[in-house]
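This report concerns only the one structure given below.
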Amino acid sequence: MRPRTSHHTDAASPLEARRLSLRALPRRFYARDTELVARDLIGRVLECTRRGVRVRGVITETEAYLGEHDPACHAAVGRTARTAGLYGPPGTAYVYFIYGMYWCVNAVTRAEGLPSAVLIRGVQPLEGLPAMRRRRPHARADADLANGPGKLCLAFGIDGPAHHGADLVRGAGLRILAGAPVSDAAVTVTPRIGISKAKDWPLRWVMG
DNA sequence: TCAACGATTTTCT
DNA sequence: GAAAATCGTTGAG
């Protein structure tokens with residue numbers, strides 16, 4: 001006799017037991033203060049489909065980058081070819097290349113012309129684990145497949161040429177689904193990681 | 001034209 | 001815990 005939840009999943013975490021909405025988050029979700037969006041993105045589902053391969057995971061770690069007056073935000077240098085994406089419409093992807101070898105993905109927030117975004121720093125793998133393992137041969141455990149901004153872009157197949165400027169709301173490739181919100185008790189706030197400017201600002205949110 | 005550095009990850013000591 | 005790998009962006013010359 002098969003279990004009642006009979007559809008097969010390769011998910012390997014307690015998160016699979018949560019009831020997750022697979023509706024894409026609407027544009028208005030992103031058109032708010034960046035801190036609110038960063039906090040509210042915890043528990044949501046990042047999805048990337050490339051060449052018929054779909055990968056999903058629950059967002060567990062985010063950081064807010066507030067705009068031209070945030071010294072750690074790329075937009076602190078103003079509008080350049082590199083930072084132009086931060087000035088784009090809310091709900092689009094800002095993907096940048098770092099340290100000569102990694103990509104990082106952000107969700108653009110607030111309104112077009114206001115350069116702010118949420119860096120997605122960690123994801124709990126949910127679906128498409130075989131593809132993630134193939135793309136992350138060095139990962140020792142499944143929990144390590146996407147628990148970092150560079151790692152998750154590798155595991156999800158996210159890169160600048162394919163995804164910079166992508167529409168997270170209505171796109172076909174890279175999207176963020178409603179998933180399930182997380183209570184305040186399950187979220188911790190800390191300073192942002194790996195930056196030298198404005199290092200004490202409490203703009204990082206972590207599940208757990 | 002060039003040097004320094006960065007929203008990182010991995011490996012080595 | 002330290003250091004290497006590796007390159008686009010930025011700002012100074």
Side-chain angles (χ1 to χ4, degrees), chain A residues 30 33-42 44 46 48 55 57 59-88 90-110 114-125 129 131-166 168 174 176 187-207:
Chain A
Y30 302 96
D33 284 349
T34 309
E35 299 96 316
L36 291 176
V37 179
R39 160 64 183 84
D40 204 1
L41 237 21
I42 300 295
R44 311 305 186 152
L46 181 68
C48 187
V55 164
I59 297 171
T60 59
E61 181 179 347
T62 60
E63 283 179 359
Y65 287 87
L66 303 184
E68 293 178 347
H69 300 292
D70 173 359
C73 183
H74 289 172
V77 300
R79 187 174 199 142
T80 66
R82 182 202 195 196
T83 65
L86 285 170
Y87 294 75
T92 58
Y94 172 69
V95 183
Y96 68 90
F97 192 57
I98 191 68
Y99 293 115
M101 54 185 107
Y102 297 108
W103 295 98
C104 293
V105 62
N106 296 248
V108 174
T109 59
R110 297 198 294 172
L114 300 179
S116 50
V118 174
L119 171 67
I120 301 176
R121 287 190 57 92
V123 165
Q124 171 78 45
L129 272 77
M132 294 194 211
R133 295 186 189 113
R134 197 182 326 124
R135 293 161 172 165
R136 293 265 304 124
H138 294 298
R140 298 304 217 123
D142 288 345
D144 299 328
L145 287 169
N147 61 341
K151 296 178 190 178
L152 75 89
C153 282
L154 284 170
F156 276 62
I158 298 169
D159 61 47
H163 301 293
H164 185 54
L168 301 172
L174 187 59
I176 300 180
V187 178
T188 305
V189 185
T190 81
R192 293 174 292 185
I193 299 294
I195 56 173
S196 55
K197 302 161 196 160
K199 57 164 57 174
D200 294 331
W201 297 13
L203 294 175
R204 172 174 174 256
W205 287 262
V206 189
M207 192 188 288

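Below, chain A is the first sequence line, B the second, and so on; all start at residue 1. Everything quoted here is computed from the prediction, not taken from an experiment.
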Could you check which nucleotide pairs with C:dA2 in any of the strands shown, counting Watson-Crick or G-U wobble with both distances under 3.5 Å?
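For C:dA2, the partner nucleotide comes out as B:dT11, under the 3.5 Å rule.
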
Using both distances under 3.5 Å as the test, list the Watson-Crick or G-U wobble partner of C:dT10, or none.
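Across all strands, the one nucleotide that pairs with C:dT10 is B:dA3.
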
How far does OG1 of A:T92 sit from NE2 of A:H164, to the nearest 0.5 angstrom?
8.5 Å

Spacing of A:I120 atom CD1 and A:L152 atom CG [to the nearest 0.5 Å]:
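Going from the CD1 atom of A:I120 to the CG atom of A:L152 covers 7.0 Å.
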
Electrostatic pair A:E63:A:R121 at N-O distance under 4.0 angstrom:
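Here A:E63 pairs with A:R121 in a salt bridge, since their nearest N and O are under 4.0 Å apart.
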
Quick one: does any side-chain atom of A:R39 pair with a main-chain N or O of A:V187 as donor and acceptor, under 3.5 Å?
no

Test your reading of the model: is there a side-chain donor-acceptor pair from A:R192 to the backbone of A:A64, 3.5 Å cut-off?
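Yes, the answer is positive, given that a donor and an acceptor are paired below the 3.5 Å cut-off.
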
Separation of C:dG8 atom C1' from A:H164 atom NE2, nearest Å, is 13 Å

Provide the distance between the two P atoms, one in B:dC5 and one in C:dA3, to the nearest whole Å.
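Approximately 15 Å lies between the P atom of B:dC5 and that of C:dA3.
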
Please report the distance separating the P of C:dG1 from the corresponding atom of B:dA7, rounded so that it comes out in whole Å.
23 Å

Would you tabulate the nitrogen or oxygen pairs shorter than 3.5 Å linking the protein to nucleotides 7-11 of chain B?
unit_1: B:dA7; atom_1: OP1; unit_2: A:H74; atom_2: NE2; d: 3.0
unit_1: B:dA7; atom_1: O4'; unit_2: A:Y65; atom_2: OH; d: 3.3
unit_1: B:dA7; atom_1: N9; unit_2: A:Y96; atom_2: OH; d: 3.3
unit_1: B:dA7; atom_1: N7; unit_2: A:A72; atom_2: O; d: 3.2
unit_1: B:dA7; atom_1: N7; unit_2: A:H74; atom_2: NE2; d: 3.2
unit_1: B:dA7; atom_1: N1; unit_2: A:N106; atom_2: OD1; d: 2.5
unit_1: B:dA7; atom_1: N1; unit_2: A:N106; atom_2: ND2; d: 3.4
unit_1: B:dA7; atom_1: N3; unit_2: A:Y96; atom_2: OH; d: 2.8
unit_1: B:dT8; atom_1: OP1; unit_2: A:R121; atom_2: NH1; d: 3.1
unit_1: B:dT8; atom_1: OP2; unit_2: A:G194; atom_2: O; d: 3.4
unit_1: B:dT8; atom_1: O3'; unit_2: A:G150; atom_2: N; d: 3.4
unit_1: B:dT9; atom_1: OP1; unit_2: A:P149; atom_2: N; d: 3.1
unit_1: B:dT9; atom_1: OP1; unit_2: A:G150; atom_2: N; d: 2.7
unit_1: B:dT9; atom_1: OP1; unit_2: A:K151; atom_2: N; d: 3.0
unit_1: B:dT9; atom_1: O4'; unit_2: A:Y102; atom_2: OH; d: 3.0
unit_1: B:dT10; atom_1: OP1; unit_2: A:R136; atom_2: NH1; d: 2.3
unit_1: B:dT10; atom_1: OP1; unit_2: A:R136; atom_2: NH2; d: 3.4
unit_1: B:dT11; atom_1: OP1; unit_2: A:H138; atom_2: ND1; d: 3.3

Using the side chain to side chain contact (heavy atoms under 4.5 Å, CB included) rule, pick out the option among A:P115, A:S116, A:P90 that qualifies with A:T109.
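Single side chain to side chain contact (heavy atoms under 4.5 Å, CB included) partner of A:T109 among A:P115, A:S116, A:P90: A:S116.
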
